[in-house]
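Small disclaimer: the values here were computed from a predicted structure and weren't measured.
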Amino acid sequence: MLQLQTIRENKAALVTALKKRNIDADEMLSKVLSLDEKRRATQTELDNTLAESNKLSKEIGQLFKTGNVQEANALKEKTASLKEASKKLTETLNVAAEELHKLLYQIPNVPHESVPAGNTDADNEEVFRKGDIPKLSGDALPHWELAKKFDLIDFELGVKVTGAGFPIYKGKGAQLQRALISYFLDKNTEAGYTEVQVPHLVNEASGYGTGQLPDKEGQMYHVTADDLYLIPTAEVPITNMFRDELLSATDLPIQLTGYTPCFRREAGSYGAHVRGLNRLHQFDKVEIVRIEDPANSYKALDGMVEHVKGILDELKLPYRILRLCGGDLGFTSALTYDFEVFSTAQDRWLEISSVSNFETYQANRLKLRVKDADGKKQLAHTLNGSALALPRVLAGLLENYQTENGIKVPEVLVPYCGFEHID
RNA sequence: GGAGGAAUGGCAGAGUGGUCGAAUGCGGCAGUCUUGAAAACUGUUGAGGGUCACACCUCCGGGGGUUCGAAUCCCUCUUCCUCCGCCA
C-alpha cells in the first residue's frame with residue numbers, strides 16, 4: 001500500500017499519477033488524510049491520558065511503600081475516570097485505524113512515469129520484438145490437437161480426476177515439462193538467483209503481504225478448514241519470507257528463484273481463449289524474486305527483463321515485450337513488462353512472463369525495511385517475474401516446433417529431457 | 001491426536017506484581033592504545049508512534065482479562081522442545 005507520509009506530502013501528484021489507471025483518487029486520498037488526522041489526534045489524546053494514569057500509578061506505588069494507605073486509596077479513585085477515558089479513546093483509535101487501513105488497501109500502486117496511458121491490453125506499448133515466426137504447413141495444428149495426437153497431455157482425464165483446467169501430462173509431455181523446469185531453474189541459478197522450495201499454501205497474512213488479499217480474494221483457492229490459501233504464484237511465499245524483516249543494506253540485493261505449481265480459480269474466464277493450455281486452474285511456473293535497494297530497483301528490473309530475454313533467445317521462440325498501460329497494470333505494480341510468445345497455430349500472442357517492480361508498495365504491507373550503514377531505515381523495493389510460466393511456453397514450443405513428422409525438441413532442452421523428437 | 005515443558009532485545013540469558021524497555025555475556029558501532037591489526041580498556045547499541053527538537057505513548061510470541069499498576073497473575077490461540085500414538 002501507499003505510504004501515508006507520501007500521501008501527506010504529495011497528494012496532488014499521486015492523484016495525477018493514478019489517473020493513468022483511469023481512477024480519480026482525489027476523494028479517496030482526502031478521506032485517507034482526514035482519517036489519518038483523526039487517528040493522530042486521538043492517539044495524542046490517548047497518550048496524554050495514559051501518561052497521567054502512569055504518573056498516578058507510580059505515586060500510588062510510592063504511597064503504599066511508605067505505608068500511606070489512606071492517601072493511596074484516595075488516589076486510586078482518581079484513576080477510574082482516566083481508565084474509562086482511555087478505554088473509549090482506544091476504541092475510537094482502533095475504529096479510525098481500521099477504517100484507514102481498509103481504505104489504504106483499496107488504493108492501487110502509483111504507476112511509474114514511463115507507464116503509457118490506456119485502458120486495455122490493446123493500449124500496451126510494444127518495446128521489443130525478436131524471433132522469426134515459423135512458416136508452418138497448411139495442416140499445422142494447435143497445441144491441444146498436437147497434445148492429443150502425440151499423447152502428451154490428457155485434458156479429459158484431468159476433468160475426471162479433478163475438473164476442467166487441471167490437465168494430466170503424460171509420457172514425453174510430462175518429461176518435457178520437467179525438462180523445462182530444470183532448465184529454467186538452472187538458467188536462474190547461473191544468473192545469481194538462489195533456488196528455494198517453498199510451501200504451496202500460505203496464511204492470510206502472507207496473502208495481504210503481497211497484495212493478493214483483499215484485492216483478489218476470489219481468485220485464490222481457500223482451504224477453509226485451516227484458513228490457508230493455495231498460492232496463485234510463488235511470488236507470495238517467496239516475498240513473504242521477508243515479511244517483518246529489517247535487512248541490512250549489505251544483505252542486498254536478494255535474488256531468489258523457485259519452482260511451484262500455481263493455483264488460480266480464474267472465476268469468470270471461459271470461451272475459446274481458455275482452450276488447451278492457454279488458461280488453467282493449476283499450472284507450473286518458475287519465478288524470480290528480488291529485494292532491492294530503492295536506488296537500484298529499476299536497474300534490477302532491466303536486468304530481469306534481459307535475463308528472461310536470454311532464455312527465450314535460447315529456446316528460439318518468437319516473442320515480444322510489452323510495457324503495460326495504466327489500465328492493464330496489476331494492482332500492486334508500478335511498472336510491468338509482459339513477455340508474449342507467438343503461438344503460430346493459434347495465430348495469437350500468449351503471455352508467458354510478467355516482470356514487475358512493486359517499489360515500496362508490497363514492502364510497506366510486508367514491513368520489509370533496509371537499514372543502511374548510517375542506521376537510516378527505509379522500505380525496500382520488491383520485484384518479481386516469471387522465468388518462466390510453463391504451459392504457454394509448452395504450447396508455443398509444440399506449435400512452433402511442429403514438423404510434418406512430429407515435434408522437434410529445442411536444442412537446449414535435449415540434455416534435459418533426453419530425446420530430440422516427439423513422434 | 002494424547003501428556004508435559006517453554007516462548008524476553010542481533011544471539012545467549014536473568015528477571016514471578018511497582019522507577020523494567022528490561023541485569024549480564026557475546027556480537028555490532030565509536031574512541032583510547034598501535035605503523036596497521038589483534039588483545040585490552042572506555043563509551044555506545046531494540047522497534048514503532050509522536051514532536052522543529054524534546055516531552056510523552058506503545059511493544060517482553062498473538063489476542064483477551066484481573067489490578068491504581070503486568071515481562072511477572074488468569075483465560076485463549078499460535079509456535080517450539082520432550083515423551084507416546086500415527087505416518088510419506
Side-chain angles (χ1 to χ4, degrees), chain A residues 1-9 32-101 103-104 197-209 213 223-229 237 240-252 254 260-261 291 360 362-380:
Chain A
M1 61 192 162
L2 300 183
Q3 290 173 261
L4 264 175
Q5 206 189 332
T6 316
I7 302 175
R8 276 185 218 145
E9 288 164 5
V32 165
L33 288 180
S34 72
L35 277 170
D36 178 45
E37 198 82 24
K38 186 181 172 190
R39 198 209 82 222
R40 275 189 294 167
T42 312
Q43 180 81 62
T44 305
E45 209 181 327
L46 175 63
D47 285 356
N48 292 338
T49 311
L50 288 174
E52 207 173 319
S53 158
N54 286 345
K55 220 173 90 191
L56 278 177
S57 288
K58 279 179 188 171
E59 281 173 31
I60 292 169
Q62 279 304 321
L63 289 171
F64 271 123
K65 237 178 202 170
T66 53
N68 231 330
V69 180
Q70 249 184 352
E71 253 183 86
N73 284 330
L75 273 188
K76 265 197 201 181
E77 280 169 32
K78 278 176 75 177
T79 62
S81 63
L82 286 175
K83 225 179 159 182
E84 190 160 331
S86 68
K87 202 173 165 184
K88 270 189 187 151
L89 285 167
T90 305
E91 269 168 37
T92 314
L93 182 67
N94 288 343
V95 169
E98 199 185 320
E99 243 181 289
L100 180 61
H101 260 102
L103 198 55
L104 281 171
Q197 288 193 12
V198 291
H200 301 164
L201 287 106
V202 293
N203 56 32
E204 191 183 41
S206 292
Y208 273 95
L213 293 174
V223 182
T224 49
D226 297 289
D227 200 16
L228 296 171
Y229 294 86
N240 271 283
M241 286 164 60
F242 300 93
R243 176 150 44 83
D244 294 318
E245 291 289 328
L246 176 54
L247 301 172
S248 148
T250 53
D251 296 334
L252 300 182
I254 287 168
T260 69
I291 316 287
T360 59
Q362 290 183 328
N364 194 28
R365 289 191 179 191
L366 293 161
K367 295 195 177 67
L368 166 53
R369 293 161 302 151
V370 195
K371 182 149 77 170
D372 66 19
D374 303 324
K376 260 177 64 182
K377 282 164 276 223
Q378 61 175 339
L379 291 170

**Prompt:** Between rG63(B) atom P and E98(A) atom CD, what is the distance in whole Å?
**Reply:** 14 Å
**Message:** When the C1' atoms of rA71(B) and rG13(B) are compared, how many Å lie between them, rounded to an integer?
**Reply:** 14 Å
**Item:** Paired nucleotide for rG61(B) [Watson-Crick or G-U wobble; both distances under 3.5 Å]
**Value:** rC77(B)
**Message:** Need one value for K55(A): base, sugar-phosphate or nothing, where a base atom within 4.0 Å counts as base even if backbone is also close, heavy atoms only.
**Reply:** nothing
**Message:** Less than 4.0 angstrom between a side-chain N/O of N54(A) and OP1 or OP2 of rC57(B), yes or no?
**Reply:** yes
**Item:** Complementary nucleotide of rA55(B), counting Watson-Crick and G-U pairs under 3.5 Å
**Value:** none
**Pair assignment for rA23(B), Watson-Crick or G-U wobble, requiring both distances under 3.5 Å** = none
**Message:** If only side-chain N and O atoms count, and only distance matters, is there a donor-acceptor pair under 3.5 Å linking N73(A) with E77(A)?
**Reply:** no
**Prompt:** Do the side-chain N or O atoms of K377(A) get closer than 4.0 angstrom to the phosphate oxygens (OP1, OP2) of rA47(B)?
**Reply:** yes
**Prompt:** Under 4.0 angstrom, heavy atoms only, what part of the nucleic acid is K78(A) near: base, sugar-phosphate, or nothing?
**Reply:** nothing
**Asked** Within the structure shown, what part of the strands sits under 4.0 Å from L50(A) by heavy-atom distance: base, sugar-phosphate, or nothing?
**Response** sugar-phosphate
**CA sep, side-chain torsions, deciding dist, call: L93(A), R39(A), side-chain contact (heavy atoms from CB on, under 4.5 Å)** = CA-CA 6 Å; L93(A) 182 67; R39(A) 198 209 82 222; 3.8 Å; yes
**Request:** Output yes when a side-chain donor or acceptor of D372(A) lies under 3.5 Å from a complementary backbone atom of A249(A), and no otherwise.
**Result:** no
**Message:** From CZ of R8(A) over to P of rG49(B), roughly how many Å is that when rounded to an integer?
**Reply:** 9 Å
**Asked** Contact class for T79(A) (heavy atom, under 4.0 Å): base, sugar-phosphate, or nothing?
**Response** sugar-phosphate
**Fill in**
Any strand, both distances under 3.5 Å, Watson-Crick or G-U wobble: rG31(B) pairs with rC41(B)
**Request:** Take atom CG of D372(A) and atom P of rC29(B), then tell me their distance rounded to the nearest Å.
**Result:** 14 Å
**Request:** Take the protein atom CD of E245(A) and the nucleotide atom P of rA47(B), then report the distance between them rounded to whole Å.
**Result:** 14 Å
**Item:** Complement of rG17(B), any strand, by Watson-Crick or G-U distances under 3.5 angstrom
**Value:** none
**Message:** If you count heavy atoms of other groups shown closer than 6.0 angstrom to CD of E52(A), is the number above 12?
**Reply:** no
**Prompt:** OP1 or OP2 of rG69(B) less than 4.0 angstrom from a side-chain nitrogen or oxygen of K83(A), does that happen here?
**Reply:** yes
**Complete:** Taking a pair to mean Watson-Crick or G-U wobble geometry with both distances below 3.5 Å, rA71(B) pairs with none
**Prompt:** Pick the nucleotide of RNA chain B nearest each of T44(A) and I60(A); which residue has the one closer to the 5' end?
**Reply:** T44(A)
**Message:** In whole Å, measure the gap between the P atoms of rU34(B) and rA38(B) for me.
**Reply:** 15 Å
**Prompt:** Taking atom P of rG10(B) as reference, at what distance in whole Å does atom CG of L247(A) sit?
**Reply:** 13 Å
**Item:** Contact nearer the 5' end of RNA chain B, comparing G61(A) with K87(A)
**Value:** G61(A)
**Prompt:** Using a cut-off of 4.0 Å on non-hydrogen atoms, how would the nucleic acid contact of N73(A) be classed: base, sugar-phosphate, or nothing?
**Reply:** nothing
**Request:** Please report, rounded to the nearest Å, how far the P atom of rG50(B) is from the CG atom of L4(A).
**Result:** 9 Å
**Request:** Could you give the distance separating rC77(B) and rG1(B) at their P atoms, to the nearest angstrom?
**Result:** 13 Å
**Asked** Looking only at atom C1', what distance separates rG63(B) and rA30(B), rounded to whole Å?
**Response** 42 Å
**Prompt:** Quantified in whole Å, what is the C1' atom distance between nucleotide rC59(B) and nucleotide rG50(B)?
**Reply:** 15 Å
**Message:** Distance check needed: rC57(B) P versus R39(A) CZ, whole Å only.
**Reply:** 18 Å
**Asked** Can you find a side chain N or O atom of K371(A) that sits less than 4.0 Å from OP1 or OP2 on rG10(B)?
**Response** no
**Message:** Work out how far the P atom of rA37(B) is from that of rG31(B), and round it to whole angstrom.
**Reply:** 10 Å
**Asked** Distance between the C1' atoms of rC11(B) and rU16(B), in whole angstroms?
**Response** 25 Å
**Prompt:** Given rG49(B), rA47(B), rG18(B), which nucleotide is nearest the side-chain atoms of D47(A)?
**Reply:** rG49(B)
**Request:** Give a yes-or-no answer on whether the side chains of N203(A) and S206(A) include a donor-acceptor pair shorter than 3.5 Å.
**Result:** yes
**Asked** Using purine N1 to pyrimidine N3 plus N6-O4 or O6-N4 for Watson-Crick, or N1-O2 and O6-N3 for G-U wobble, each under 3.5 Å, what pairs with rC87(B)?
**Response** none
**Request:** Please test I7(A) against L104(A) for side-chain contact (heavy atoms from CB on, under 4.5 Å), starting from the C-alpha separation and ending with a verdict.
**Result:** CA-CA 10 Å; I7(A) 302 175; L104(A) 281 171; 3.7 Å; yes
**Residue Q5(A) excluded, over 12 heavy atoms near CD under 6.0 Å** = no
**Asked** Does R369(A) have a side-chain nitrogen or oxygen under 4.0 Å from the phosphate oxygens OP1 or OP2 of rA47(B)?
**Response** no
